[in-house]
A.B. asks: 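One structure coming up, written as structure tokens, with questions to follow.
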Amino acid sequence: VPLLELEACSAGVDDLRTTGACYKEALVKHIDQFYVLVNGAYMKKMNRTGDIASWQGWEFFVRARENAFACVLLRRAYIPPVCDAAQDIVVLLRCPAEGLDQAVCDVLMDECRFMA
């Protein structure tokens with residue numbers, strides 16, 4: 001995605017929070033009952049390769065009757081060498097919701113963060 005397209009959007013349609021909301025809506029489109037346990041900004045902590053690009057993150061956890069979804073969205077912007085592009089990366093875990101308690105949900109979210 002060229003950065004000029006992201007910056008030209010006056011309504012903020014292409015910010016990471018809105019992109020996360022679109023992913024969440026697509027996941028729960030056909031689910032009648034669900035609730036969101038986590039929905040907020042995510043800070044990427046490890047930079048083992050010395051990447052100079054800018055990283056932003058958003059995370060959410062959705063629980064429904066049949067499945068639970070843990071998701072971390074990452075946006076890598078100002079990608080070298082020209083620094084005029086961005087890419088979105090999504091890490092999504094889905095698991096059956098049978099027998100899940102709060103501790104298991106926390107572990108799923110931590111695993112998703114670790115993979116991101």
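Every value quoted in this text rests on a predicted model; they were computed, and no experiment measured them. Scope of the values below: all heavy atoms of this structure, side chains included, with no hydrogens, waters or symmetry mates.
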A.B. asks: Is there a path of hydrophobic side-chain contacts, each under 4.5 Å between heavy atoms, that joins V104 and Y35?
C.D. replies: yes

A.B. asks: What's the shortest heavy-atom distance between Y42 and R113, and which atoms?
C.D. replies: OH-O, 3.3 Å

A.B. asks: Could you work out, with salt bridge (charged side-chain N to carboxylate O under 4.0 Å, His left out) as the rule, every residue matching D106, not counting sequence neighbours?
C.D. replies: none

A.B. asks: Could you walk me through whether E111 and L108 satisfy the side chain to side chain contact (heavy atoms under 4.5 Å, CB included) test, starting with their C-alpha distance in whole Å, then the side-chain angles of each, then the deciding distance to 0.1 Å, before giving a yes or no?
C.D. replies: CA-CA 5 Å; E111 287 295 322; L108 284 173; 5.6 Å; no

A.B. asks: Kindly compute the distance separating SG (C105) from CZ (F61), expressed to the nearest 0.5 Å.
C.D. replies: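 The CZ atom of F61 is 4.0 Å from SG of C105, to the nearest 0.5 Å.
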
A.B. asks: Who are the side-chain contact (heavy atoms from CB on, under 4.5 Å) partners of N39, not counting sequence neighbours?
C.D. replies: K24, V36, W58, F60

A.B. asks: If hydrophobic clusters are built by linking Ile, Leu, Val, Met, Phe, Trp and Tyr wherever their side-chain heavy atoms come under 4.5 Å apart, do I89 and Y23 end up in the same one?
C.D. replies: no

A.B. asks: Distance from Q87 atom CD to I79 atom CD1, nearest 0.5 Å?
C.D. replies: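 Here the rounded value is 4.0 Å.
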
A.B. asks: Using 0.5 Å steps for rounding, measure from the CZ atom of R17 to the CG atom of L73.
C.D. replies: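 Reported to 0.5 Å precision, the distance equals 13.5 Å.
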
A.B. asks: Ignoring hydrogens and geometry, is there a side-chain-to-backbone donor-acceptor pair from R63 to L100 under 3.5 Å?
C.D. replies: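 A pair under 3.5 Å: yes.
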
A.B. asks: What is the distance from atom CZ of R65 to atom CD1 of I31, rounded to the nearest 0.5 Å?
C.D. replies: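 So the CZ of R65 and the CD1 of I31 are separated by 10.5 Å.
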
A.B. asks: So which heavy atom on N67 is nearest to which on P96, and how close?
C.D. replies: OD1-CA, 4.0 Å

A.B. asks: Provide the closest heavy-atom pair for L93 versus M115 in the form atom of the first, atom of the second, distance.
C.D. replies: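 Residues L93 and M115, closest heavy atoms: CD2-CE, 3.3 Å.
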
A.B. asks: Do you know the tightest heavy-atom contact between A77 and A53?
C.D. replies: O-CB, 3.3 Å

A.B. asks: Rounded to the nearest 0.5 Å, how far apart are CD of E66 and CD of Q33?
C.D. replies: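 Those atoms lie 10.0 Å apart.
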
A.B. asks: Write down the atom of A70, the atom of C112, and the distance for their closest heavy-atom approach.
C.D. replies: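 Closest pair (atom of A70, atom of C112, distance): O-SG, 3.6 Å.
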
A.B. asks: Given the rule that I, L, V, M, F, W and Y join up when any side-chain heavy atoms are under 4.5 Å apart, are L74 and F69 in one cluster?
C.D. replies: no

A.B. asks: Are L27 and V38 connected, step by step, through hydrophobic side chains (Ile, Leu, Val, Met, Phe, Trp, Tyr) whose heavy atoms are closer than 4.5 Å?
C.D. replies: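 Different clusters: L27 never reaches V38 through Ile, Leu, Val, Met, Phe, Trp or Tyr contacts under 4.5 Å.
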
A.B. asks: Within a strict 4.5 Å, meaning less than it, do heavy atoms of the R76 and D51 side chains meet?
C.D. replies: yes

A.B. asks: Do V62 and V28 come close enough that some side-chain heavy atom pair is under 4.5 Å?
C.D. replies: yes

A.B. asks: Output the distance between atom SG (C71) and atom CE (M109), rounded to the nearest 0.5 Å.
C.D. replies: 7.5 Å

